[in-house]
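Before any comments, here is the structure.
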Amino acid sequence: MMPSNQWQRARQTRSELVIPPGLVQTWITQQHEVATRMTELPYPGLPRFVAAADAAFSLDGKMCVAVAVVWDREKTELVEHVVARRPLEFPYVPTFLSFREGAALQDAIAMLKHAWEVICFDGQGFAHPRRCGIATHISVMLDRPGIGVGKSRLCGQARDPGLKAGAWSPLIHRQQQVGIALRTRDGVKPLFVSVGHRMDIASARRIVLACGRGYRLPEPIRIADRITKVERAK
DNA sequence: GCGACAG
DNA sequence: ATCTTGTCGC
């Protein structure tokens, strides 16, 4: 049967993966339901143990390789990292990233033995058309504080923040602030930070900056990203 | 109908 | 995300 959506047709040639007819509608329903359960509240102080989760593909492109780490912000050192693998079932379709990578990421997070207080994700949280990016989706499932850290924008518009590290500007989507564009390093492209769950944007900004070690990405995500590229070869 | 579109 | 060469700047 021919794919019904243009984006599905465009992607399947390269990915070989197809989304069964009707599944997208149930995904949209799930996202609305999960968004309903998200809570926004200030996170007091700064967490000592910050987790992060990131994913990559195996070299043959058939597996999702997920890495979760726990980083000690006070000692600025990695205390744990774990790896989980799952077959890729769906192609990448904008706004449905969590259905492609979410299961593997949750497997990895569940493997962590060390305690953590906040978790950072590579992708949007509230800054999503249905306010349910991967950071919100997984954080709500875990019912733990989470932050979305995107390297690029999914939706909304933001003025370019000042050039100095720490500068930021609100990210607005449909008259609503959904996150911020945050300059984490002088002169480099800003990050798009948004709330995942049990968090507010001021706290998220504070925490992301507190995890910075002079690079664009906060250290826990940068470390997870690096491990991910080593593990995909195995 | 057209353009935009996390990883 | 992944592929992929040289190039610019500290």
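Basis for what follows: all heavy atoms, side chains included, without hydrogens, waters or symmetry-related copies. The sequence lines fix the lettering, A, B, ..., with proteins before strands; numbering per chain opens at 1.
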Q: Using whole Å, report how far CG of A/L105 lies from P of C/dA1.
A: 13 Å
Q) Which part of the nucleic acid, if any, lies within reach of A/G150 when heavy atoms closer than 4.0 Å are counted: base, sugar-phosphate only, or nothing? A) sugar-phosphate
Q. According to a strict under-4.0 Å criterion, is A/K151 in side-chain N/O contact with OP1 or OP2 of B/dA6?
A. no
**Q.** Among A/D225, A/I227, A/L217, A/I223, the one residue meeting side chain to side chain contact (heavy atoms under 4.5 Å, CB included) with A/D54
**A.** A/D225
Q: Provide, to the nearest angstrom, the distance between the CZ atom belonging to A/F126 and the P atom belonging to B/dA6.
A: 19 Å
Q. If you draw the axis of the six-membered ring of A/F126, does the NZ or CZ of A/R131 fall within 45° of it and under 6.0 Å from the ring centre?
A. yes
**Q.** A/R100 side-chain N/O to B/dG7 phosphate OP1/OP2 under 4.0 Å
**A.** no
Q) Can a side chain N or O of A/T95 be found less than 4.0 Å away from OP1 or OP2 on B/dA6? A) no
Q. Expressed in angstrom and rounded to an integer, what is the separation of A/F57 atom CZ from B/dA6 atom P?
A. 13 Å
Q.
Between A/H32 and A/I28 (side chain of the first, backbone of the second, donor and acceptor by atom type, cut-off under 3.5 Å), is there such a pair?
A. yes
Q. Under the 5.5 Å and 30° test, is A/F192 stacked on the base of B/dA6?
A. no
Q.
salt bridge (charged side-chain N to carboxylate O under 4.0 Å, His left out) for A/E219 and A/R213? Distances and angles first, verdict last.
A. CA-CA 6 Å; A/E219 201 60 7; A/R213 295 293 301 168; 5.6 Å; no
Q: Let me know the distance between CD of A/E89 and P of C/dA1, rounded to the nearest Å.
A: 21 Å
**Q.** Length of the CG-C1' vector between A/L217 and B/dG7, whole Å
**A.** 13 Å
Q | Value in whole Å for how far the P atom of B/dC5 lies from CD of A/Q157 | A | 8 Å
Q. Can you tell me how far P of C/dA1 sits from CG of A/L97, to the nearest Å?
A. 11 Å
Q: Can you tell me the distance, in whole Å, between the CD1 atom of A/I134 and the P atom of B/dA6?
A: 13 Å
Q: Please check the phosphate of C/dC3 (OP1 and OP2 only) for any side-chain N or O of A/R232 closer than 4.0 Å.
A: yes
Q) Quick one: is the NZ or CZ of A/R144 closer than 6.0 Å to the six-membered ring centre of A/W116, and within 45° of its axis? A) yes
